[in-house]
S.K.: 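Structure provided below as structure tokens; questions to follow.
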Number of protein chains: 2
Amino acid sequence: MGQRCSLVHVTKLRSDTERTVRTILEAAERTFSRNPAASMEQVAEAAGVARTTVHRRFTSRDALIDAMAAWATRRFAEAVESAYTTTAPVPVTLHQVTANVLRVKIDWGYAMSRTTSRDPEVARVHSEVRGRCDEMFRRARDAGLLRADADLDWVRRVYYALIHEAATGPDEDLDADALATRLVDTLLHGFGASAGRWAM
Amino acid sequence: MGQRCSLVHVTKLRSDTERTVRTILEAAERTFSRNPAASMEQVAEAAGVARTTVHRRFTSRDALIDAMAAWATRRFAEAVESAYTTTAPVPVTLHQVTANVLRVKIDWGYAMSRTTSRDPEVARVHSEVRGRCDEMFRRARDAGLLRADADLDWVRRVYYALIHEAATGPDEDLDADALATRLVDTLLHGFGASAGRWAM
DNA sequence: CGGAGTTGCAACACGTATGACGCATGTGAT
DNA sequence: ATCACATGCGTCATACGTGTTGCAACTCCG
């Protein structure tokens, strides 16, 4: 019985702690996305806590950034894996993956840009997602959605660049689905008139 | 007579000084492009001069970065203006402008990313170049090169993003012309098979 | 009420980047 | 040789960010 009560107590406290950690991570994202050289003081201020509290939760500045990268990377992987499927038509998968990734990237742009982290797990997941991406484009090419002579490395680089641009742009009137639609259309057809969207 | 000799003297010394300034600017670009938080000491080391010399030429760290931005911005504007013309066919102009800009961006990637400088002249030139870019795409659309319903703001954003990606990528085997060819092709046609390069 | 846990606040030590000196040296022009 | 100028070197003061610690106050639970 003492155990159960203790567990409830600990659970409650841990929940508080988790909330504080989340608050700090989100404040750090907002702060660093505006100024990557911001100080811990500015992060603490943005989080509405004292600087010492930040240092209590994260032993060092690097540890904080690592935690941000780990958190965002997990969301990133989830966004891709939950949308990726080999059963649905490739265009559908491409759109869903794009929209899901945009949703995460809009909120965690800075943290997601830290692909080279001191945490090997982060680098591993990033390269894993990259593999999924390459696989998706290979299937797209095999399915005839992409040109047969498309350089898949260049395709992936352009895709990442477009995601970055779409997520950081001033399109507050467009939601992730609309952004994804425009992005995929651009990726597949570009802006040329003679090779327009409805050409056959 | 004393005047002429003095002028020669001053000219010679100024030439030396200009060379030192150039050396420092180029070293700063190399250093900051790898690590934006690098110290003045590292910049001086990369330039092969003492740290005090850097401080003699640039009163502060901000002044150095401003000077880099001003220098790169001038080269940027030159690259665009020297290639931009209303007489040549739009596709030719697009390719030449792209190749010229890539040549500058490859060497001055960090400095060119500082579009918001404390120097109002830099911001002015950047917005001026941006205007030229918009004008070019408007002409491209009027000439039928771009789809009539293309969102020119989105076109420009994608264009800038592709230039950034092409210039920072690991394509040491491709020169600026080859990069520009691939970039413009991607911009106009994307990667879709049904709307390929040779579609009519 | 009493205890555990967390936070804010103030203060501290430490390292590092910055910017400004003065002085000696070297180089090129007269 | 002499002068003007730029550089390198050593030194200094200063500011800022980081990370740690001790203490009081607060909250929640038993």
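Just so it is clear: chains get the letters A, B, ... in the order the sequence lines come, proteins before strands, and each one is counted from 1. Note that the coordinates shown come from a computational prediction; the quantities given were computed from them, not determined experimentally.
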S.K.: With a 4.0 Å cut-off, would you call A:R22 and A:E26 a salt bridge?
M.R.: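 Counted as a salt bridge, because a side-chain N and a carboxylate O are separated by less than 4.0 Å.
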S.K.: Write down the distance between CZ (A:R19) and P (D:dC28), rounded to a whole number of angstrom.
M.R.: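 Distance, rounded to whole Å: 11 Å.
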S.K.: Could you give the CZ-to-P distance, from A:R61 to C:dC14, as a whole number of Å?
M.R.: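 That distance rounds to 23 Å.
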S.K.: Within the supplied structure, the quantity of interest is the number of heavy atoms (other residues, nucleotides, ligands) at a distance under 6.0 Å from A:H164 NE2; does it exceed 12?
M.R.: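 Incorrect, the count does not exceed 12.
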S.K.: Show each protein N/O and nucleotides 8-13 of chain C N/O combination with a separation under 3.5 Å, one pair to a line.
M.R.:
unit_1, atom_1, unit_2, atom_2, d
C:dG8, OP2, A:A50, N, 3.1
C:dG8, OP2, A:T53, OG1, 2.3
C:dG8, N7, A:R56, NH2, 2.9
C:dC9, N4, A:T52, OG1, 3.4

S.K.: Round to a whole Å and report the spacing from CG of A:L64 to C1' of D:dG17.
M.R.: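 Computing the A:L64:CG to D:dG17:C1' distance gives 14 Å.
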S.K.: Between C1' on C:dA17 and CD on B:E45, what's the gap in Å once rounded to a whole number?
M.R.: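 After rounding, the reported distance stands at 15 Å.
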S.K.: Check the distance between D:dG17's P and A:D62's CG and give it to me in whole angstrom.
M.R.: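 So the two atoms are 16 Å apart, to the nearest Å.
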S.K.: How long is the line joining NE2 of B:H55 and P of D:dA13, in whole Å?
M.R.: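 Whole-Å distance recorded here is 18 Å.
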S.K.: I'd like to know if B:R182 pairs up with B:D185 as an ion pair, taking the criterion as any Lys NZ or Arg NE/NH1/NH2 lying under 4.0 Å from an Asp or Glu carboxylate oxygen.
M.R.: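 No, no charged N to carboxylate O under 4.0 Å.
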S.K.: From the options D:dA6, C:dT6, D:dG19, select the nucleotide whose nearest atom is closest to the side chain of B:R57.
M.R.: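 Selected nucleotide: D:dA6.
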S.K.: Below 4.0 angstrom, N of the basic side chain to O of the carboxylate: do B:E128 and B:R124 qualify?
M.R.: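 Salt bridge between B:E128 and B:R124, a charged N being under 4.0 Å from a carboxylate O: yes.
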S.K.: Mind telling me whether B:F32 and B:Y110 have parallel, tilted or perpendicular rings, with 30° and 60° as the class edges?
M.R.: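 The rings of B:Y110 and B:F32 sit tilted, inter-plane angle from 30° to 60°.
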S.K.: What integer distance in Å separates A:M40:CE from C:dC14:C1'?
M.R.: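 Whole-Å distance recorded here is 16 Å.
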S.K.: Using atom CG of B:N35 as one end and atom P of C:dT16 as the other, report the distance to the nearest whole Å.
M.R.: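 Roughly 15 Å, once rounded to whole Å.
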S.K.: Within a 6.0 Å radius of atom CZ on B:R118, are there more than 12 heavy atoms belonging to other residues, nucleotides or ligands?
M.R.: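 Above 12, so yes.
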